[in-house]
Amino acid sequence: LGDAQLSRNTFDGNSVTGGDADGIGNGGVGNGGALGTAGGADVQLSRNLFVNNTAQGGVAVGASAAGRGGALGSETILNTFGFVPLPATVSIDRDQIEHNSATGAGGGIYNEGELSISRARIANNEVVWGPEDATEPGVVTDFLPGYLFRGAALGGGIANGGFFVVDQENETPVAVYGSVEMSHTELADNSAIGASDVEGPNTVADQFAGIESIPTYPGIGVGGGLHSLGEVDILRSRITDNRAVGGNGNAGSFAGVANGGGLYNDGLMKISHSQLSGNVAVGGSGNEGDINAGGGYGGGITSGTVTALPDIELRSASLEIRHTKLIGNEATGGDGNSLVALPIPTPQIHRPAGAFGAGVNVYQGTADISKSMIANNVSRAGESGDAGGAGVAFFGFVGTVEANLSDSLVMNNLAYSEDGESHGAGISSGALGWLFAVRNGSSVVTASISRVLIFGNRAEAGEGGRAY
């Protein structure tokens with residue numbers, strides 16, 4: 001809880017493991033494989049090496065907990081009165097954070113406080129769904145309403161988290177989010193890999209049957225490089241070759257989905273003078289669900305929040321991109337995924353093995369993209385899946401999207417489906433058949449596109465497929 005300055009040290013092969021639970025209890029969180037900080041602390045790091053460290057949650061029959069921050073875990077705690085958050089402050093300057101792992105959130109770093117990163121390398125870290133010896137994948141995150149995940153992996157390099165507390169004086173919930181400022185930094189070759197063989201409810205099918213349920217997103221991999229619930233500001237950095245990978249053989253709504261190969265924004269994100277290239281979101285195979293089984297979305301960036309769902313309506317996501325290159329990113333759907341039939345025709349965006357938004361995928365909130373290049377990105381659908389928006393996809397998935405794209409290049413992007421449909425290779429905008437496409441008499445998507453050069457983009461289909 002105090003202050004510390006750490007310089008030119010090596011942290012190698014350290015680990016933290018949350019406590020196991022007997023009977024039906026939940027396992028304990030493991031925070032910070034090499035270094036853990038808590039509220040009120042001020043930690044300054046310079047030229048350290050963090051390598052081969054691990055954070056693992058406790059094993060339980062009920063819910064195996066998350067391991068958070070393979071190298072570094074920074075938590076916010078509450079003061080004596082129980083409702084005023086005390087964030088930790090951490091600065092990273094020229095540190096190397098490589099080959100670390102966590103079981104749940106933040107393969108390299110987990111943050112709930114105030115984190116600044118300058119001239120660092122965060123690479124080859126991995127987050128997977130949970131402890132290898134857990135009896136079943138448990139709840140990895142329960143940060144916010146709508147964030148109840150089973151078998152999920154969030155933030156291969158960095159997870160910027162958050163949580164709810166209750167203001168005892170006013171008896172109202174207060175959200176606490178982490179913040180990240182990152183400049184002149186390399187975020188590369190990190191992975192978020194979802195679980196396999198996890199079951200969750202088919203929420204939309206349940207609604208038609210009069211059953212109340214919430215999605216638990218079984219086996220999803222989200223934010224290969226970074227997953228954020230809070231605020232992120234990225235300047236003059238390279239986000240390259242990160243992977244979000246959905247698991248295999250899962251069942252339920254969103255089973256085995258991969259989202260945000262490079263970055264996943266569930267809060268407020270600003271990116272300027274940076275490059276995102278070679279990042280991939282790869283949906284899993286052999287999954288079954290009523291919506292989106294085995295899909296790959298947002299190879300470079302995905303932005304939106306599930307907390308905007310109609311029954312929650314907590315907040316909205318915001319994305320701003322300036323003077324940035326998004327080149328050679330991929331969104332890929334898995335194979336052998338199948339559909340749990342609904343009483344109505346399944347909308348295009350909800351079919352299994354889809355691939356949308358290889359460069360940028362915005363499914364909720366606001367997005368403002370200007371003076372940027374979006375080129376050579378590929379949306380490649382899996383078996384019987386549909387592909388679109390290889391450069392940019394704006395679609396109103398859980399709420400309104402207001403998007404602006406200006407003074408930019410969108411070129412040589414490819415949308416491909418072997419036996420489904422491919423369309424809008426450069427830019428795809430609209431509801432794409434989402435069940436709540438129109439609300440209160442207005443379209444759920446509003447996109448303004450001006451002074452943009454759009455050329456060389458291709459929508460292609462194989463034998464039995466359709467391109468338009």
Side-chain angles (χ1 to χ4, degrees), residues 244 257-265 276 279-283 292 295-304 317 319 321 324 326-333 347-351 353-369 372-382 385-398 400-406 408-417 420-434 437 443-449 452-461 465-468:
V257 162
N259 220 332
L263 306 171
Y264 186 96
N265 170 48
L276 290 90
N279 303 289
V280 297
V282 182
N292 300 90
Y297 307 95
I301 306 171
T302 284
S303 182
L319 175 67
I321 301 174
T324 290
L326 295 109
I327 301 174
N329 303 287
E330 295 188 13
T332 303
Q348 182 181 20
I349 195 61
H350 295 312
R351 297 171 190 164
F356 290 87
V360 181
N361 177 49
V362 180
Y363 72 84
Q364 188 279 328
T366 63
D368 191 353
I369 305 170
S372 295
M373 176 186 290
I374 304 169
N376 300 310
N377 302 288
V378 179
S379 290
R380 189 181 302 275
D386 299 329
V392 183
F394 300 131
F395 67 98
F397 188 60
V398 299
T400 299
V401 171
E402 296 180 4
N404 178 67
L405 174 61
S406 64
S408 297
L409 297 176
V410 179
M411 64 184 193
N412 299 330
N413 300 287
L414 170 66
Y416 181 82
S417 176
E421 296 185 0
S422 62
H423 62 86
I427 303 170
S428 180
S429 176
L432 301 179
W434 168 238
S443 173
V444 90
V445 177
T446 302
S448 173
I449 300 171
V452 176
L453 179 58
I454 305 168
F455 72 95
N457 303 288
R458 308 188 318 279
E460 298 180 357
R466 179 177 177 232
Y468 58 98

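Ring orientation note: the planes of Phe356 and His423 are tilted relative to one another, at an angle of 30° to 60°.
Closest non-hydrogen pair, Ser379 versus Ala358, comes out as OG-N, 3.4 Å. Closest heavy-atom contact between Gly465 and Ala461: C-CB, 3.5 Å. The minimum heavy-atom distance between Phe394 and Val445, with the atom names listed, is O-CG1, 4.1 Å. Of all the heavy atoms in Ala244 and Ala258, the pair that sits closest is O-CB, 3.3 Å. Summarising the geometry of Ala331 relative to Gly296, their closest heavy-atom pair is CB-O, 3.5 Å, with the distance given to 0.1 Å.
The shortest side-chain heavy-atom distance between Ile321 and Ile301 falls under the 4.5 Å cut-off. No side-chain heavy atom of Phe395 sits less than 4.5 Å from a side-chain heavy atom of Val401.
The distance from the CD1 atom of Ile369 to the CG atom of Leu319 is 6.0 Å, given to the nearest 0.5 Å. Between atom CG of residue Asn265 and atom CG of residue Asn361 there is a gap of 11.5 Å, rounded to the nearest 0.5 Å. In this structure, the separation between CG on Asn377 and CG on Asn329 is 5.0 Å, given to the nearest 0.5 Å. Interatomic distance, Ile374 CD1 to Leu326 CG, rounded to the nearest 0.5 Å: 5.5 Å. Note that OG of Ser428 and CG of Asn457 are 12.0 Å apart. Values are rounded to the nearest 0.5 Å. The structure places OG of Ser429 at 6.5 Å from CD1 of Ile449, a figure rounded to the nearest 0.5 Å.
Formation of a donor-acceptor pair under 3.5 Å by the Asp386 side chain with backbone atoms of Gly354 is not found in this model. No donor-acceptor distance shorter than 3.5 angstrom exists from the side chain of Ser422 to the backbone of Tyr416, with no hydrogens or angles considered. When atom types are taken as modelled, the side chain of Ser417 and the backbone of Gly385 share a donor-acceptor pair closer than 3.5 angstrom.
In this structure, a donor-acceptor pair under 3.5 Å is present between the side chains of Thr302 and Asn259.
More than 12 heavy atoms of other residues, nucleotides or ligands sit less than 6.0 Å from atom CD of Glu460.
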### Task
Check the pair Ile427, Val410 against side chain to side chain contact (heavy atoms under 4.5 Å, CB included), reporting the backbone distance first and the verdict last.
CA-CA 8 Å; Ile427 303 170; Val410 179; 4.2 Å; yes
### Message
I'd like to know whether Val280 forms a side chain to side chain contact (heavy atoms under 4.5 Å, CB included) with Thr332, so could you lay out the CA-CA distance, the side-chain angles of the two residues, the decisive distance to 0.1 Å, and finally the verdict.
### Response
CA-CA 8 Å; Val280 297; Thr332 303; 6.0 Å; no
### Message
Would Leu276 and Thr324 count as a side chain to side chain contact (heavy atoms under 4.5 Å, CB included) here? Give the steps.
### Response
CA-CA 8 Å; Leu276 290 90; Thr324 290; 3.9 Å; yes
